[in-house]
Amino acid sequence: VRLAPKPEDLHAVRIAAGGANLVLGCDMVVAASPAALSRIEQGVTKAVINGYIQPVAAFVMNGDMDLGAEAKAQFDEAIASEWRIPDAHRGLGEILFLQSLYDEAEHEFRLATEGEKPVAEGYAGLGLIALRREQNSEAEAAFRQALAIDDDLWRAEYGLGLLALGKADIAGAQSLLDSGKKKKGVE
């Protein structure tokens, strides 16, 4: 979609390579496609990516299909063409996490947190992996780092709530879990 203050400011039908100022990724598979990634310029393009994983329409025809395979293939391709896109690493990390491939997911989440603009969700992913491994101090540090970047990140508050629950801090856990639910929009 091309937007401009006046119609006469729009001169081309297509967006040139590296010419996108903003990517609205309503579908993370499409947002991570080579065509979309070719329009991104590091340090220029801002991205808002929907991280929700939704079953594709093909699932209706094949209920046994691997729901993460298509998205994983797209993220792998995106990373191969432009390996320093933190959101692509975060997305791949989430898919690997959902497939219980924690070592691979951890690697991708770490790549999402490197560079000049680390992704808060990458730290939240590292926190979830540490929580799974019962590495509570590492989990807490990762969740807190995620919140330092994005204080509205519900997953990080939810993770801290689970840690508080594990410490039998019922009031603290309830407060964090309620706050996380509110940030997610769940009452």
Side-chain angles (χ1 to χ4, degrees), residues 21-32 36-37 40 42-54 67-68 71-72 74-75 78-79 83-167 169-187:
N21 293 27
L22 173 67
V23 173
L24 292 174
C26 300
D27 180 317
M28 68 177 158
V29 173
V30 174
L37 292 176
I40 294 173
Q42 186 152 356
V44 175
T45 307
K46 305 290 185 217
V48 178
I49 308 295
N50 177 6
Y52 180 74
I53 297 175
Q54 171 104 8
L67 297 178
K72 183 181 181 306
Q74 290 285 347
F75 281 114
I79 290 167
W83 68 275
R84 285 304 313 145
I85 298 177
D87 270 326
H89 289 289
R90 188 254 329 140
L92 181 55
E94 286 184 6
I95 290 167
L96 294 167
F97 180 84
L98 291 171
Q99 295 174 340
S100 300
L101 300 171
Y102 301 124
D103 291 337
E104 294 91 337
E106 179 180 15
H107 174 74
E108 296 302 328
F109 286 138
R110 287 201 187 287
L111 289 173
T113 63
E114 294 176 355
E116 63 185 60
K117 196 86 166 151
V119 176
E121 291 90 344
Y123 283 107
L126 290 172
L128 290 172
I129 289 172
L131 196 60
R132 284 259 181 198
R133 294 176 174 162
E134 298 181 11
Q135 298 167 332
N136 293 347
S137 60
E138 291 88 347
E140 182 174 357
F143 291 136
R144 293 203 183 282
Q145 184 63 38
L147 288 170
I149 296 169
D150 180 357
D151 64 352
D152 282 332
L153 189 60
W154 71 268
R155 289 180 181 162
E157 281 212 10
Y158 186 79
L160 288 173
L162 292 175
L163 286 169
L165 192 59
K167 295 177 185 175
D169 177 4
I170 304 302
Q174 187 65 52
S175 173
L176 287 161
L177 294 171
D178 286 346
S179 177
K181 284 178 16 181
K182 186 175 181 180
K183 288 178 181 178
K184 187 177 182 193
V186 177
E187 294 301 321

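Since the structure is predicted, the reported quantities are computational estimates derived from the model, not experimental observations.
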Minimum heavy-atom separation for Gly93 to Ala105, with atom names?
O-CB, 3.4 Å
Roughly how far apart are Leu101 CG and Ile95 CD1, rounded to 0.5 Å?
11.0 Å
Between Gln145 and Ile149, is a side-chain contact (heavy atoms from CB on, under 4.5 Å) present by the stated rule, with each step listed?
CA-CA 7 Å; Gln145 184 63 38; Ile149 296 169; 4.1 Å; yes
Between side-chain atoms of residues 128-141 and protein atoms elsewhere (two or more places apart, or another chain), which donor-acceptor pairs fall under 3.5 Å?
from, atom 1, to, atom 2, distance (Å)
Arg132, NE, Tyr102, OH, 3.3
Arg133, NH1, Glu106, OE1, 2.7
Arg133, NH2, Asp103, OD1, 2.5
Glu140, OE2, Arg144, NE, 3.1
Glu140, OE2, Arg144, NH2, 3.2

Heavy atoms of Gly122 and Thr113 approach each other most closely as C-CG2, 3.6 Å
Report the distance from atom CG of Leu176 to atom CZ of Phe143, rounding to the nearest 0.5 Å.
11.0 Å
Sequence-distant partners of Asp150, side chain to side chain contact (heavy atoms under 4.5 Å, CB included), two or more places apart
Ala120, Asp152, Leu153
Near Phe97 CZ, under 6.0 Å, is it more than 12 heavy atoms from other residues, nucleotides or ligands?
yes
To the nearest 0.5 Å, tell me how far Leu147 CG sits from Arg155 CZ.
13.0 Å
When you look at Glu94 and Phe109, which way does the side-chain contact (heavy atoms from CB on, under 4.5 Å) test go after all the steps?
CA-CA 8 Å; Glu94 286 184 6; Phe109 286 138; 4.0 Å; yes
How far apart are the closest heavy atoms of Ala164 and Gly172, and which atoms are they?
CB-C, 4.1 Å
Which heavy atom in Ala173 sits nearest to a heavy atom in Gly161, and how many Å separate them?
CB-O, 3.4 Å
